[in-house]
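From a predicted model like this one, the values you see are computed outputs, not experimental measurements. Indexing begins at 1, ligand by ligand and atom by atom, following the structure's order. One is the number of the first residue; the rest follow in order along the sequence. Values reported hereafter were calculated over all heavy atoms of this structure, with side chains retained and with hydrogens, waters and symmetry mates removed.
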Amino acid sequence: MGDRLYIGIDLGTFQSTIATSKGDLHTIETVVGTPKDPVARNMLGRDTLFGEDALKNRLACDIYRPLAAGVAQDDSEHLNAAKDFVTHLIDSVGCDEYDEVYGVICSPSHISFTDKTNLVSILRGKLTAIMVVSEPFAVAFAIQELMGSIIVDSGAGTTDIARIVGRFPEDDDQITIAEAGDWVDLSLMSSIEKKYTGAQITKDMVRRWKEKSSYVGGDVKEVLVELSVEGKSQTVDVGDLIETACDGLAQHLGSAIKTIISGGDPEYQPLFRKNIYLAGGSSKIKGLAKKVTEYISDIGEVSVSAVKKPEHKVAEGALALAESMPDEEYTSIV
Ligand SMILES: Nc1ncnc2c1ncn2[C@@H]1O[C@H](COP(=O)(O)OP(=O)(O)OP(=O)(O)O)[C@@H](O)[C@H]1O
Ligand SMILES: [Mg+2]
């Protein structure tokens, strides 16, 4: 086919998205499965499974979340899984038909420099040239809020909070906190276990309940879920516990936002206070922007809003950046 393809990739600890200049937009859970034994291999008919497909067959597979926080990045099994995953994501958009592929990549902030080297080795041969940017910067680009804003990207593994001042952010323009979606899940899980002694629950069950019914502020809602208590089925109300766990996240976001604003140029601070955007999957908690506003209202008049379609914003911004950056900004990896 010839020509050049631009791609934007959001590699997330929980899910990853790829967007291309020919219009693809795919999201897939960052999960890799490999059949446990020859029987499983025969039955499944493939050596590697990804995303939903891997999860559906999880009892027959070893399951890896290769980009999750806390995974040792030099562990060879995880590294191979990461490699397979990124290759699968890129192959899903048919890069091979193009002479050149220019990509902007956002990777989780806990992935350090050595792992960026790993990233380059994974992408070599697939992409012509790459640029690595932070998730909040990609979001700012997607929503065209580049001249004085605060972007909060609250995903699964971490929340990244950055000051955006019309140039690439530098290290001290951004802070990362450990409180994000996984943290909400764990805190909800432990409060359910405390309230319903003997409750048999997994983090994935709790995450699904949260995704369906998350909210913070206002009247307490009833959220009925079914769980086993010592093997016996029971329906219980977890509405108040969901609110408390989400409120915990709102408080952490509030203090981190205050820190990042107060560390910025004083002349920009009024602008920052008026342009605070919440993105990432955890920004879908109902009432979150309002609650965060309450927690930071002591610093003056503030405006906090949640972006629309937060799960796509990082990849969309990465693609928009890819299309508008001059070639000199890229690092060639051929
Ligand atoms: N409706 C919802 N309410 C609350 N949380 C939600 C909702 N939908 C998704 N989430 C949470 O959003 C998180 C995933 O968000 P996202 O896709 O931005 O993460 P990620 O990019 O994979 O992670 P990271 O940026 O930390 O690497 C998960 O913790 C998920 O449970
Ligand atoms: Mg993310």
I'd like to know if [X] and [Y] make a salt bridge, using a cut-off of under 4.0 Å between side-chain N and carboxylate O.
{"X": "K22", "Y": "D24", "value": "yes"}
{"X": "E311", "Y": "K284", "value": "yes"}
{"X": "D240", "Y": "K195", "value": "yes"}
{"X": "K203", "Y": "D182", "value": "yes"}

Given [options], which one has a non-hydrogen atom that is nearest to [atom]?
{"atom": "atom 18 (O) of ligand 1", "options": "A315, S154, G281, A156", "value": "G281"}
{"atom": "atom 13 (C) of ligand 1", "options": "G12, G155, C106, A178", "value": "G155"}
{"atom": "atom 11 (C) of ligand 1", "options": "Q15, K284, K210", "value": "K210"}

State, without any angle test, whether [X] and [Y] hold a side-chain donor-acceptor pair at a distance under 3.5 Å.
{"X": "Y277", "Y": "D153", "value": "no"}
{"X": "T17", "Y": "D10", "value": "no"}
{"X": "Q251", "Y": "D247", "value": "yes"}

Interfacing atoms of ligand 1 (cut-off 4.0 Å, heavy-atom, [X]):
{"X": "G280", "answer": "18 (O)"}
{"X": "S282", "answer": "12 (O)"}
{"X": "T158", "answer": "26 (O)"}

Is any N or O atom of [X], backbone or side chain, closer than 3.5 Å to an N or O atom of ligand 1?
{"X": "L11", "value": "no"}
{"X": "D185", "value": "no"}
{"X": "G157", "value": "yes"}
{"X": "G181", "value": "no"}
{"X": "D10", "value": "no"}
{"X": "R207", "value": "no"}

Does S297 reach the main-chain N or O of E294 with its side chain, forming a donor-acceptor pair under 3.5 Å? yes
Side-chain donor or acceptor of N275 paired with backbone N/O of L271 under 3.5 Å: yes
Any idea which part of E135 is under 4.0 Å from ligand 1, heavy-atom wise: side chain, backbone, both or neither? side chain
Contacts of the Mg ion (ligand 2) with protein N/O/S atoms, counting only those under 2.8 Å: E135 OE2
K290, NZ atom: more than 12 neighbouring heavy atoms under 6.0 Å: no
Inspect the surroundings of CG in D298 and state if more than 12 heavy atoms from other residues, nucleotides or ligands are less than 6.0 Å away. yes
L278/L288 under side chain to side chain contact (heavy atoms under 4.5 Å, CB included): CA gap, chis, key distance, verdict: CA-CA 9 Å; L278 307 182; L288 187 66; 4.0 Å; yes
